[in-house]
Amino acid sequence: MALIAPSMLSADFLHLEKDIRTVNSCADIFHLDIMDGVLVPNISYGFPVVEAIASKAEKPMDAHLMIIRPEKYVERFAQTGVSMLSAHLEAMEDPVSVMGQIRSYGIKAGIAFNPDIPVEKVFPYLDSCDFVLVMSVFAGFGGQKFIEATFGRVQALKAEILRRGLDVKIEVDGGVSPANSAALAEAGADILVAGSAVFRSDDPAAAVSAMR
Ligand code: DX5
Ligand code: ZN
């Protein structure tokens with residue numbers, strides 16, 4: 001059974017506390033999308049919003065850094081109390097050192113990568129991270145269409161993780177919904193991120209349980 005991580009990018013920012021309560025009551029993880037307008041063509045939110053969420057979150061927080069030079073902000077995110085922190089492969093000069101830096105705060109370290117990056121590119125770093133974040137849309141915006149090739153990418157990663165006997169979790173992010181969640185879990189996904197499917201639903205709790 002996969003864990004469900006609603007993406008707060010799709011939350012109602014005028015009534016953020018209501019959507020935080022939804023995650024606290026029916027989901028597993030708060031997924032926080034941090035975009036700098038440089039690595040990705042969009043800007044999301046920063047520390048004031050992350051800290052506001054942190055003050056009400058009763059579930060672990062997972063920050064997905066879509067920013068250049070992620071190493072500059074690891075300490076600052078550690079201070080917000082996140083339990084998981086990922087940075088993009090395309091944004092890191094030295095992924096092993098960034099993962100080590102994240103782990104030094106007792107935080108689970110993840111490598112995220114876009115759909116046009118061959119999965120084999122992360123294989124050399126599987127010993128250095130706790131999870132991989134497989135993008136099933138191009139990072140930058142919520143509400144995009146799920147890319148079907150993701151199933152094969154998750155299977156290939158899972159096979160490599162098992163072959164090497166590693167304890168690395170697979171998180172899938174982008175266009176995830178009740179229509180593809182079961183197949184993703186079957187392919188090997190451990191954590192499913194979903195923004196629109198949860199917060200654009202009339203019944204977010206039902207959407208979360210459908211994805212489980
Ligand atoms: C995209 C973000 C995702 C996004 C997911 O760059 O990383 O977390 O908010 O939203 P949906 O589920 O709507 O694709
Ligand atoms: Zn994300």
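Just so you know, ligand 1 is whichever comes first in the structure, and atom 1 is the first atom listed for that ligand. In what follows, residues are counted from 1 in the order of the sequence shown.
With ligand atoms numbered from 1 in the order given, ligand 1 contributes 8 (O) to contacts under 4.0 Å with heavy atoms of V193. Near G143, with a cut-off below 4.0 Å to any heavy atom, the atoms of ligand 1 are 11 (P), 13 (O), 14 (O). Atoms of ligand 1 lying under 4.0 Å from any heavy atom of L9, numbered from 1 in the order shown and given with element: 9 (O). Listed by number with element, the atoms of ligand 1 under 4.0 angstrom from any heavy atom of M35 are 6 (O). Every atom of ligand 1 with a heavy atom of A194 under 4.0 Å away is listed here by number and element: 12 (O). Atom numbering of ligand 1 starts at 1 in the shown order; those under 4.0 Å from a heavy atom of M66 are 6 (O), 7 (O). Here is the list of ligand 1 atoms found below 4.0 Å of a heavy atom in H31: 8 (O). Every atom of ligand 1 with a heavy atom of H64 under 4.0 Å away is listed here by number and element: 7 (O).
Side-chain atoms of D36 come within 3.5 Å of backbone atoms of I68 as a donor-acceptor pair (strictly under, hydrogens ignored). No donor-acceptor pair closer than 3.5 Å links the side chain of T150 to the backbone N or O of F146. Without hydrogens or angle criteria, N180 side chain to S177 main chain gives a donor-acceptor distance under 3.5 Å. The backbone N or O of V193 sits nowhere less than 3.5 Å from a side-chain atom of D173 that would complete a donor-acceptor pair.
Among A11, G140, S7, the residue whose heavy atom lies closest to atom 6 (O) of ligand 1 is G140. Ranked by closest heavy atom to atom 13 (O) of ligand 1, the top entry among S196, A197, G142 is S196. Compare N114, D173, L192 by their heavy atoms: the one nearest to atom 3 (C) of ligand 1 is in D173.
The CE atom of M99 lies 11.5 Å from the OG atom of S104; values are rounded to the nearest 0.5 Å.
The distance criterion of under 3.5 Å between nitrogen or oxygen atoms is not met by V137 with respect to ligand 1. The shortest N/O to N/O separation between G195 and ligand 1 falls below 3.5 Å. An N or O contact shorter than 3.5 Å is missing between G174 and ligand 1 by distance.
Here Y105 and F77 keep their ring centres 6.0 angstrom or further from each other.
Ring pair H64/H88 is parallel by interplanar angle, where below 30° counts as parallel and above 60° as perpendicular.
Electrostatic pairing of K169 and E171 does not count as a salt bridge here, judged by no charged N lying under 4.0 Å from a carboxylate O. Ion pairing between a basic and an acidic side chain is recognised when a charged N comes within 4.0 Å of a carboxylate O; K59 and D28 show no such pairing.
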Does the pair E51 and R76 meet the rule for a salt bridge (charged side-chain N to carboxylate O under 4.0 Å, His left out), with working shown?
-> CA-CA 11 Å; E51 282 158 4; R76 188 75 173 78; 3.1 Å; yes
**Request:** Determine, step by step, whether K108 and D62 satisfy the salt bridge (charged side-chain N to carboxylate O under 4.0 Å, His left out) criterion, reporting the C-alpha distance in whole Å, the side-chain angles of both residues, the deciding distance to 0.1 Å, and the verdict.
**Result:** CA-CA 9 Å; K108 300 278 185 219; D62 162 34; over 6 Å; no
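Scanning the protein for heavy atoms near atom 14 (O) of ligand 1, the closest one is G175 N, 2.8 Å. Closest protein heavy atom to atom 2 (C) of ligand 1: D33 OD1, 3.3 Å. Nearest protein heavy-atom neighbour of atom 1 (C) of ligand 1: F141 O, 3.5 Å.
Geometry at the Zn ion (ligand 2): NE2/H31 and ND1/H64 form an angle of 100°, nearest 10 degrees. Computed with the Zn ion (ligand 2) at the centre, the D33 OD1 to D173 OD2 angle is 170°, stated to 10 degrees.
If you check the side chains of S44 and D33, you find no donor sitting under 3.5 Å from an acceptor.
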